[in-house]
Amino acid sequence: MTDKEKTANLIKNDDTEIVIIEEPAIPLSDNEDEEFESQTLETGFAPHIHGTDTKRGLMLDFCIALIPVLIWGIMLFGWRALILTLVSVVFSVGSEFLYKKLMKEPVSVFDFSTVLTGMLLALNLSIAVPLWLVALGAVFAVVAVKGLLGGKLHVFLNPVLAARLVMSFFNKYMNTYTVPKADISLFAPFVDSASGATPLASLKSGIIPESPSLFDAIIGYEAGCIGEVSALLLTVGFIYLLVRKAVSWHIPVSYIGTVLVLAFSFSRSIQPFDFALYEIFSGGLFMGAVFMATDYMTSPITSTGKLIYGVGCGVLTVVFRFFGISTEGVCLAVLIMNLTSRYLDIYLRPAAFGIFKKKQINLKLVESFIKGINKADTKPEAAVCIEDSDKPKAEAEPEAEINAETKIEAEPEVIDEPSKESTPAKQNSKANKTSNSNKKSGKKSKSKKKRK
Amino acid sequence: MALTFLGGIHIKGRKNTEKKQIEVITPPKTVILPMSQHMGVPAEPCVKVGDEVYKGQIIGTFADGVSSPVHSSVSGKVINIEERSCITGEKTCCIIIENDGLDRLSPHIKPWDKRLNDTSFEEIVDVIKNAGITEISKDNYPIYEKINLANGKVDKVIVNCAECEPYISANHRLLLENTDEVINGLKIILKALGVRSGIIAVQDSMLDAANLLEEKLVDSDLIKVKVLKTKYPQGNEHQLIYALTGKEIAAEKPLIDMGYIVFNLHTCAAIFKAFAYGIPLVERIVSVDGDCIKEPKNVLVPMGTTYKDLIDFCGGFVKTPYKLISGSAMTGIAVTDTEYSIVKNTTALLAFSKEYAIERENVFDCIRCGKCHYSCPMRLLPNYIIEFAAAGKFDKAEDFDVFSCIECGSCSYVCPANIPIAKYIRGAKSKITENKEPELSKGREEDAE
């Protein structure tokens, strides 16, 4: 009883104490509120300041980098280039707006990302493509690829290139390139005449073309898509993006470098250097390397990932250009490498600062290897063990435990021992044996399942 | 070329106080001294309401375990001892002292009269311990304990003068005005630890201070001055050591085991003061800045001064503040009340209007630009970590070294899609530590199946 009374008293005391503590606190805080308007003070998580980068600004940077290319396209192919671009931009922005409204998502039309999609799509098309196809392609890029395929997750295919791929089934229009300064009516449905071959076509048969000189190919006086012809202006855009820190150098440099090296070493011409230069300066390589492969959503983030991604794009481009039926290979190469970008990030990510993962993994491997050897040395059953220990230990261990449990019926003496850390090597090896036999059977069953 | 580390971000300095001399605040009428200004067990109050106290008198004594005493920063009368919430949200016991304005020093205060060479390790530690000096960083660990732990283990002492956060210039001013205090404080530490190599690490934004230091240290082979590139978060110890030595040390690993120990320059100055004048840690320099403050200043403030008094000394607010931040703009805590007080690790007080500190409203989906990765000083992939955390895949987030995160906030600062990445990562970390046990067992069950 006395104890209870004591505790009761204690509780009472506590209560009174709490009252004493709380009472003065309330009027104090009230006074502060009146004096300093501290009601207006906001809390929030650090950091309390924000950098100047915005999504809108980054997208605008890309658009600005494309403007010289667009102007050159207009100068080279006439005002129809501008009309194509406008149609593409208007349809992509419009379809984005409608799609977002329909899906009841916040409309983000004004952040220029869709404008960029539209511009890139138009610049990746030949001037001869009919306007209705451009509009269709823009809607496909935004609604199907960006919206439906991307959905709530991230877009894993470059919308522009995916749309271009779909549009290329309208073969007649997509693979006809017009020569510069050809008279083309502004709103013609499509253009049959005045189509010219890009240098890539003759490169494919191993002939270095004469018609656009190398200089013309660099400044962009050649047949091709609206935006891809001028390697020089695309490089200017790339430098602008580098200065604005919108892209890093990794992808474009490794991409173009790989194509240059491969084209030089597997040249189909007697002049391998000229061949390689024509190979990189004609066609859509610069456009693809600077604006397509560097697309944020579909390219890796880590620098190792980026380098490998660029090399992969380069190899695939050369393969498609050399062995594919089409003269061009950039579009498909980038689209295929798009699929790898996430995995390049995840599996080739750098170890965090101060963490030496690779060494740890190596140590583990070495340890398990040594363990395997030790077992082989100590026991006469070694012959069996060595074969078994070739298989990864990580898998064997948990199964060994399970097997030890199953073994209980047969050998009641060793009920407890397998669970202990210091298991005798004999049992281990036995457990391993059984586990491996089990594994084999498991594998067989799995393979059977697969066959079925 | 200036030494630096990987990643990090450049933040515009905006240091309005850089060119202004340190000013001494007009003595506040009352000071509020929390008993827990350090990491470890709070001190125990040893005065009663109504007691007369001197400046520098111990009012909170050691508690059991790692603790640090608290001294009165003014002379006057104890008017209240009560529980108050501090900025971290916890309630601690606070002693409120009314200042009599006489600034009477405690009679116990006297300078250390022995020569440094004759002073033993125990004596130095004892002086530091009784002066209540704690590290002036986020985890304000008592210095005497730090030195005790490091004794015999370290071979390099580094004084951290990096000041990469915007608006703060207390380090720079202290170096310029009280250079000797810092140097001599470092010498005392070197003597205590028996180390013959000290580094004072300054930034290239304070070259005048670096030149001053080099002039004074011209014939010293004990202490070297190293200039670092101004980049956030250079002040973080691991980044500092990487910049100086090129060695990578994992975030969770204690630096002492690697042979390094890092002290803040304010700590060095405080140690010097404790020896030269016998004055314990009762005042510190605080940068008061931000667009809402009328006259941004570096102020020498007695501990326990309320934010209100400090802001009043700086001319008050020009416009209604939106956020009041105790600490730096990148890692500080936003407080809702001006009645908190300056404690041993308050580096700055910043008041921002809405334009400066408003949180970006329109948060987009991640655009995978990778800027968070490039800015991360720990080379993490913040966008993947928050993606995994949002999907509840905490094991994967852990696999991506989420616990290496030093919460510097660089990723949030640079994110063009306005995602508060640092906040999400912090959430993920606490969630993982919460869920650790049940998740592990779940994982085992899955394996068994």
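Convention: sequence-line order gives letters A, B, ...; per-chain numbering from 1.
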- [ ] Drop me the distance from Y167(B)'s OH to I49(A)'s CD1, to the nearest 0.5 angstrom.
- [x]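 Between Y167(B) OH and I49(A) CD1, I get 6.5 Å after rounding to 0.5 Å.
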Task: Atom pair CE (M297(A)) and SG (C366(B)), whose distance is rounded to the nearest 0.5 Å - done: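 Between M297(A) CE and C366(B) SG, I get 6.5 Å after rounding to 0.5 Å.
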Open item on the list: Determine whether the aromatic ring centres of residues Y242(B) and F353(A) are separated by less than 6.0 angstrom.
Closed with: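 When the ring centroids of F353(A) and Y242(B) are compared, they turn out to be within the sub-6.0 Å range.
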TODO: Please check if atom NZ in K319(B) has more than 12 non-hydrogen atoms from other residues, nucleotides or ligands closer than 6.0 Å.
DONE: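 Enclosed.
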Open item on the list: Looking at R244(A), I want to see if its CZ is surrounded by more than 12 non-hydrogen atoms of other residues, nucleotides or ligands under 6.0 Å.
Closed with: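 No.
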Task: Heavy-atom side-chain proximity of S341(A) to R368(B) below 4.5 angstrom - done: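 They are in side-chain contact.
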Open item on the list: Counting C-beta onward and ignoring hydrogens, is there a side-chain heavy-atom pair between Y384(B) and R349(A) closer than 4.5 Å?
Closed with: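 In short, these two side chains do not touch, never coming nearer than 4.5 Å.
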Under 4.5 Å from any heavy atom of chain B - which part of [X]:
X	value
S299(A)	backbone
D345(A)	both
R342(A)	both

Verify, without hydrogens or angle tests, whether [X] (side chain) and [Y] (backbone) share a donor-acceptor contact under 3.5 angstrom.
X	Y	answer
Y374(B)	I301(A)	yes
K245(A)	K371(B)	no
H50(A)	S412(B)	yes
H373(B)	T302(A)	no

TODO: I would like to know whether L58(A) and I367(B) meet side chain to side chain contact (heavy atoms under 4.5 Å, CB included); could you show each step before the answer?
DONE: CA-CA 10 Å; L58(A) 283 177; I367(B) 59 169; 4.1 Å; yes
Need one label for [X]: side chain, backbone, both or neither, based on atoms under 4.5 Å from any heavy atom in chain A.
X	value
I333(B)	backbone
S328(B)	backbone
P166(B)	side chain
Y232(B)	neither
L324(B)	both

Task: Heavy-atom closest contact (A334(B) atom, H48(A) atom, distance) - done: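 The answer is CB-CE1, 3.7 Å.
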TODO: Give the member of A422(B), P416(B), G327(B) that has the highest number of heavy-atom pairs under 4.5 Å with chain A.
DONE: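 The candidate making the most pairs under 4.5 Å is P416(B).
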